[in-house]
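These values consider heavy atoms only, across backbone and side chains, with no hydrogens, waters or symmetry-generated copies. Bear in mind that the values here come from a model prediction, so they are computed numbers and not experimental data. Order of appearance sets the numbers: ligands from 1, and atoms from 1 within every ligand.
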Amino acid sequence: MVQEDFFKKIVAHCKEYGFIFQSSELYDGLSAVYDYGQNGVELKNNIKEYWWKAMTQLNEEVVGIDSAIFMHPTVWKASGHVDAFNDPLIDNKDSKKRYRADVLIEDHLEKINEKISKEVEKASKRFGDAFDEHQFRTTNVRVLEYAAKIESVTKAFNSALEENDLEKVRQIIIEEGIVCPVSGSRNWTEVRQFNLMFETKLGSVSEGANTVYLRPETAQGIFVNYLNVQKTGRMRIPFGIAQIGKAFRNEIVARQFIFRMREFEQMEMQYFVKPGEELKWFENWREKRMKWHLAMGISPAKYRWHKHDKLAHYANAAFDIEFEFPFGFKELEGIHSRTDYDLTQHQNFSGKKIQFFDNETGESYVPYVVETSVGLDRTFLSLLSAAYSEEQVGDETRVVLNLPAALAPVKVAVLPLVKKDGLPEMARKIMDDLKFDLNCIYEEKDSIGKRYRRQDAIGTPFCITVDHQSLEDNTVTIRYRDDMTQERISTDKLSGIVKSKTDLKNLLTKL
Ligand code: ATP
């Protein structure tokens, strides 16, 4: 299937089966804002629980908090967001469409990269087994020209950003002949900086009102609570603080469904370490975080590391975990070694000492921080896009979500074969027994085949069917989503089987 069509199918599937709806759809929607439906919220909550337990329960030195979305405005001065949380934007005068200038340039470079790949592919076909890719890449004139182009544009672009020279950024777009994907024209406005934070007013009278921001990341809530948690929890370095919560960014180009939203959720953890030990902990968390993703059972080939060559001025190491979404490899999680930048900034702006006193060595220091920051919605999208599949079964197509059983929105569907003869009553009894431990669904409408298909489409790992034999010998059939096989089992074994197969422990023990 073409990737674009595949992506459209996922978006349509999310709506049809109650995973994700456009926000305020009744009023024609609000761009880049989404609501999670009855199945979406279950899946999302399960991902959160998986992350929360993996971080806080499995690491005894990591604790959680839940800080407020509103924070003192000076927090965002100290963090650098007021002055520098900007994207360079540019408008096309003909189409009136707005773009991120950096994204236009990056897409342009990616196109040149694709040209290189095509040359390599062509040559590989031509030369067959004798093809030496390295030699080709380092000697072919056309490939070398393309590579030199990428290098020179990247260099010019990086230096323009460093110097905050927006005219230079515009010049690159003009000189490279980058056109608007909608109008096809090169009629561009100047480039402007656009701050991504949403502002609002605190207080009822506007005169005395204070400008506050909707937080663009959850991390600052952790930094400003460092001392509170360290002291009240009697934490010793190294230790971590984890948080899950909403973040808001006024994204200029908000496409790609829940990949880039204006209101989204992050799962972040700040790990406070002794200066000088940060790179060791950085490697440790890199490994742990990749394991967390892989334990969900998605093919490792779907993930890759992206090393930041150009580091933020305060960072001394940074990697992203990228995932192959239907629109290509994109950032899913960032793992960054942020030195003592954030705590020192808050120390300077608040005038209060933020340090750790090590009573064994008698030293005081501002801890260094290793941060792991993953998008909850992007994790959701990674799971859905890996889980969605269409299978040919006889002359029918079955749509199935092969989600990990522990994360599936509904764990068990209890289905009486027919709506009479006491079968619904027995099915209800089974459901009443299971519902304290598992999210179950009871369904008696439509043929059993149709009911199975509906459960496949939302990823329910087990369907329990109650038939006439059940009344006689207390057995039911259990149908497995992935291979559609069925087994007859006694009802007293049911709860044990489904509980063990849907237990989050199955994922957590892989970490
Ligand atoms: P990008 O480069 O894609 O804009 P970022 O580098 O700005 O992302 P971070 O500030 O590192 O992102 O945020 C940490 C994580 O939060 C990201 O890895 C991503 O999973 C998630 N995230 C960031 N922005 C959004 C958004 N607009 N919508 C959904 N998730 C987001």
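In this structure, the protein non-hydrogen atom closest to atom 21 (C) of ligand 1 is G375 CA, 3.7 Å. In this structure, the protein non-hydrogen atom closest to atom 19 (C) of ligand 1 is R378 NH1, 3.4 Å. Regarding atom 29 (C) of ligand 1, its nearest protein heavy-atom neighbour is F259 O, 3.2 Å. Annotation: atom 22 (N) of ligand 1 to nearest protein heavy atom, F264 CE1, 3.5 Å. What sits closest to atom 14 (C) of ligand 1 on the protein, heavy atoms only, is S373 OG, 3.0 Å. At the shortest separation from atom 16 (O) of ligand 1 among protein heavy atoms lies Q266 NE2, 3.3 Å.
Between Y271 and F239, the ring center distance fails the sub-6.0 Å criterion. Residues H13 and Y388 bring their aromatic ring centres within 6.0 Å. Aromatic pair F323/F325: ring centres closer than 6.0 Å.
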All N/O donor-acceptor pairs, side-chain side in residues 192-199, below 3.5 Å, sequence neighbours left out:
residue, atom, partner, partner atom, Å
R192, NH2, D91, OD2, 2.8
Q193, NE2, N164, OD1, 3.1
N195, OD1, M197, N, 2.8
N195, ND2, H81, O, 3.1
N195, ND2, V82, O, 3.1
N195, ND2, N86, OD1, 3.3

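Proximity annotation for atom 7 (O) of ligand 1: of R249, M261, E331, R249 comes nearest, heavy atoms only.
For the pair Y303 and I298, the minimum side-chain heavy-atom distance is below 4.5 Å.
In terms of polar-atom proximity, I258 is not counted as a contact of ligand 1, lacking any N or O under 3.5 Å from an N or O of the ligand.
Looking at R260 against ligand 1, both its backbone and its side chain come within 4.0 Å, counting heavy atoms.
Heavy atoms only, all atoms of each residue included: G29 and Q22 are closest at CA-CG, 3.7 Å.
Remark: E167 CD is packed, more than 12 non-hydrogen atoms of other residues, nucleotides or ligands lying under 6.0 Å away.
Taking a 4.0 Å cut-off on heavy atoms, L332 registers as neighbouring ligand 1.
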